[in-house]
Colleague: 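Once you've had a glance at the structure underneath, I'll fire off some questions.
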There are 2 protein chains.
Amino acid sequence: MRSKASPTITTIAEAAGVSIASVSRVFNGLPVRAETERRVLAAADRLGYVPNAVARSLKSNRTQQVAFAVADIGNPVYLAMLREIQPVLKAGGYRLVLHSTGADVGEEIEVLRGLGRRHADGLIISPIRVTGELLREIDGLTAPAVVIGSLPDGARVDNVRADSRTGIDLALRHLADLGRRRIGFVNGPLDTVPGRHRDTAFRAAMARGGLPVDEGLVHVGAFQRDTGFEATRRLLDRSPGPDALLCANDLIALGALDALRAAGRDVPGDVAVVGMDDTELAAVSWPTLTSVSLGSAERGRRAAELLLDRLRTPDTGPPAQVITVAPHLVVRASTSGGDR
Amino acid sequence: MRSKASPTITTIAEAAGVSIASVSRVFNGLPVRAETERRVLAAADRLGYVPNAVARSLKSNRTQQVAFAVADIGNPVYLAMLREIQPVLKAGGYRLVLHSTGADVGEEIEVLRGLGRRHADGLIISPIRVTGELLREIDGLTAPAVVIGSLPDGARVDNVRADSRTGIDLALRHLADLGRRRIGFVNGPLDTVPGRHRDTAFRAAMARGGLPVDEGLVHVGAFQRDTGFEATRRLLDRSPGPDALLCANDLIALGALDALRAAGRDVPGDVAVVGMDDTELAAVSWPTLTSVSLGSAERGRRAAELLLDRLRTPDTGPPAQVITVAPHLVVRASTSGGDR
DNA sequence: TTGTAAGCGTTATCAG
DNA sequence: CTGATAACGCTTACAA
């Protein structure tokens with residue numbers, strides 16, 4: 001243990017025989033006489049002085065912190081965003097406050113309110129469910145925020161969104177090119193943003209491709225491996241069964257692979273499987289998984305850059321921007337067979 | 001946009017016709033006349049008042065934040081810790097400030113200094129390299145900190161460590177039971193804490209098992225998939241080659257599986273493979289990977305609990321504690337063959 | 001129960 | 001270049 005209470009600017013001023021203003025100047029690189037600087041630094045060093053960031057924040061009204069809020073940081077999609085966001089913020093001189101809300105809208109709203117309390121200077125949030133209450137809270141924000149995920153038109157905050165419509169189109173076209181016709185779809189909850197979008201996109205893309213949607217081959221569950229496993233087991237019971245499976249995320253697809261393997265079906269020979277999000281799991285699974293990349297990493301990076309822009313120019317700047325990141329299909333063994 | 005400047009306690013006091021003390025009391029649940037409370041809340045609501053957390057922090061000298069510093073949050077081991085730490089802190093009323101230092105000792109030291117600057121009330125850090133400078137900085141800390149990973153004896157901070165010695169022992173015993181004798185070892189950098197420990201532990205365990213260490217079957221690289229791939233390619237060139245491979249983490253093991261597959265070797269028939277850390281990758285790979293769990297999640301949880309204890313009882317409490325989390329072996333297809 | 005006033009540790013203005 | 005001094009927004013004695 002060092003001293004009882006940590007020294008403040010006042011302590012140092014007394015010890016160095018100067019005013020607190022001079023101490024402050026030294027630590028802010030403002031012009032001071034060399035002798036003054038020497039004495040201040042000596043005293044500071046001797047007493048172990050460290051500037052108090054909270055006091056500075058109170059004066060400057062900036063915390064140098066940015067909050068990042070997601071439903072579950074264990075989810076590889078959010079992790080991919082985080083990995084891009086963190087270095088961008090750090091380079092901009094901001095610390096990252098992480099909120100894992102557990103998909104609880106109430107907690108997301110708490111985070112939004114925290115912004116008002118000045119816990120952070122800005123916020124990046126990726127809400128899993130966009131309720132009216134959430135939107136109202138977002139609209140009332142007084143500090144800059146960026147939402148990752150789609151927002152209704154007219155929202156007042158910057159918005160970086162994926163294009164699941166095009167993404168699913170890419171996947172279905174790929175499957176159609178492989179001659180697949182009976183395409184099953186395993187989705188997550190329809191009251192979540194991605195769930196709803198992916199459902200709409202699936203039906204639109206099927207229609208566009210002239211493929212009929214067999215409701216018996218559409219399954220809704222959670223965005224998890226279990227759901228993929230159970231849903232696939234059920235779909236395999238039908239006849240005729242699916243010759244391809246589009247899964248609304250990679251976890252579901254992994255579960256599907258488990259079920260297909262357990263049922264002795266060949267992938268992609270009997271059933272081709274496509275995941276979504278192109279997480280690192282896709283490259284590791286067996287067989288490796290063809291997946292629709294919705295550009296999570298890029299969305300994270302763009303969101304962070306957008307926020308830094310806003311932070312730099314407090315009030316001015318363009319009105320709410322909408323950035324859409326282009327998807328792309330990453331073809332691996334679960335559809336292309338041969339190579340792995 | 002709401003009003004220009006956000007209202008403060010003073011604004012509300014004036015609007016409600018009471019003193020700032022009364023406003024403060026209302027927002028802190030201290031006893032006030034019902035009528036006073038009504039007027040304050042009405043004014044606050046009308047003007048959109050939100051208490052400023054920074055000002056509160058300055059008075060209370062607590063930020064309600066805890067910093068968590070790791071080399072790379074993309075690393076599944078650190079992610080596993082984070083996933084446990086986050087909810088524990090949240091339940092304790094603390095926000096989590098995440099630092100991903102990129103294995104840079106300088107940056108780790110910056111984080112340590114940030115604690116002094118009162119960015120956070122406490123710190124959990126998992127240093128990849130324990131240098132003298134880092135130790136000195138840790139020793140000088142004035143706020144509570146917990147180190148995940150081994151520290152030299154006599155350190156002044158709480159320490160939650162893994163037991164790689166026992167872990168590697170478990171793995172080698174398992175391989176020996178399977179009749180493997182020529183056991184290769186692919187490790188990460190020896191100047192990192194885990195690298196050094198795992199090297200020592202490997203040699204000790206081999207000696208204990210009466211197995212000779214063939215230096216030609218020991219390879220040191222990075223804790224990454226590439227290293228596993230390259231190292232394994234090289235080890236396979238030797239003759240006699242290895243009949244088992246112990247990899248110092250799961251990423252290395254995945255690279256080893258790649259190389260074995262590319263070389264047409266059967267796993268575990270020709271070569272058994274064991275990883276370390278038991279990350280989620282182990283359950284997904286092909287074949288699924290036997291791995292030594294060093295209890296990352298539990299280490300994270302214990303660290304967070306320890307820190308909360310310290311935070312609750314500022315100065316008292318026991319001297320620096322050392323907690324060792326027991327490892328265990330998770331057997332999967334890369335050694336046991338049959339089931340997957 | 002309520003108000004006044006003194007801090008918390010900085011930064012910044014304004015005279016010297 | 002330097003020193004008083006007034007904020008920043010809040011909590012908390014201490015009086016009333």
Side-chain angles (χ1 to χ4, degrees), chain A residues 3-41 43-44 47-64 114-121 142-143 314, chain B residues 3-41 43-44 47-64 114-121 142-143 314:
Chain A
S3 49
K4 276 280 175 214
S6 41
T8 74
I9 210 175
T10 310
T11 327
I12 304 307
E14 283 167 2
V18 300
S19 73
I20 63 168
S22 288
V23 178
S24 174
R25 287 186 189 107
V26 168
F27 279 93
N28 288 34
L30 297 173
V32 285
R33 195 158 35 122
E35 167 64 7
T36 306
E37 172 165 20
R38 202 190 51 69
R39 278 161 56 190
V40 167
L41 289 180
L47 299 168
Y49 167 74
V50 180
N52 182 319
V54 175
R56 185 185 299 228
S57 286
L58 182 58
K59 274 302 287 185
S60 64
N61 203 24
R62 337 232 281 66
T63 59
Q64 302 295 61
L115 234 203
R117 267 179 233 122
R118 316 290 177 118
H119 286 152
D121 298 336
T142 144
Chain B
S3 50
K4 276 281 176 213
S6 40
T8 74
I9 210 175
T10 311
T11 328
I12 305 307
E14 283 167 2
V18 299
S19 74
I20 63 168
S22 288
V23 179
S24 173
R25 289 188 188 105
V26 168
F27 281 93
N28 288 36
L30 296 174
V32 285
R33 197 162 30 126
E35 166 65 7
T36 306
E37 172 164 20
R38 202 189 52 68
R39 279 161 56 190
V40 167
L41 289 180
L47 299 168
Y49 167 74
V50 179
N52 182 318
V54 175
R56 185 184 297 228
S57 286
L58 182 57
K59 273 301 287 186
S60 64
N61 202 24
R62 337 237 275 70
T63 59
Q64 302 295 63
L115 234 204
R117 268 180 232 120
R118 315 290 177 119
H119 286 153
D121 298 337
T142 145

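Please read all numbers here as calculations on a predicted model, not as lab measurements. Quick note on labels: first sequence line is chain A, next is B, and so on, each numbered from 1.
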Colleague: Can A/Ser6 and B/Arg118 be counted as having a side-chain donor-acceptor contact under 3.5 angstrom?
Modeller: yes
Colleague: Kindly list each side-chain donor-acceptor pair under 3.5 angstrom involving residues 12-33 of chain A, sequence neighbours excluded, with atom names and distances?
Modeller:
from, atom 1, to, atom 2, distance (Å)
A/Ser19, OG, A/Ala21, N, 3.3
A/Ser19, OG, A/Ser22, N, 3.3

Colleague: To the nearest Å, how far apart are B/Arg62 CZ and C/dG9 C1'?
Modeller: 18 Å
Colleague: Separation of A/Glu35 atom CD from D/dG3 atom P, in whole Å?
Modeller: 12 Å
Colleague: Using whole Å, report how far CZ of B/Arg38 lies from P of C/dT1.
Modeller: 17 Å
Colleague: So which atom in B/Pro51 and which in A/Arg117 form the shortest heavy-atom distance, rounded to 0.1 Å?
Modeller: O-CG, 3.1 Å
Colleague: Would you find a donor on one side and an acceptor on the other, under 3.5 Å apart, between the side chain of A/Asp121 and the backbone of A/Gln64?
Modeller: yes
Colleague: Looking only at heavy atoms, what is the nearest atom pair of A/Pro7 and A/Leu47, with distance?
Modeller: CG-O, 3.3 Å
Colleague: Determine the contact category for A/Val54: base if any of its heavy atoms lies under 4.0 Å from a base atom, sugar-phosphate if only primed atoms, P, OP1 or OP2 are that close, otherwise nothing.
Modeller: nothing
Colleague: Would you say D/dT2 has OP1 or OP2 under 4.0 Å from some side-chain N or O of A/Thr36?
Modeller: yes
Colleague: What heavy-atom pair brings A/Asn52 and A/Val54 nearest, and what distance separates the two atoms?
Modeller: OD1-N, 2.7 Å
Colleague: For B/Arg39 and C/dT1, what is the distance between atoms CZ and P respectively, to the nearest whole Å?
Modeller: 16 Å
Colleague: In whole Å, I'd like the distance from the CG atom of B/Asn61 to the P atom of D/dG9.
Modeller: 20 Å
Colleague: Reading nucleotides 10-16 of chain C 5' to 3', which nucleotides get B (base under 4.0 Å from a protein heavy atom), which S (sugar-phosphate only), which -?
Modeller: BBBB---
Colleague: CZ of A/Arg33 versus P of D/dG3: gap in Å, rounded?
Modeller: 8 Å
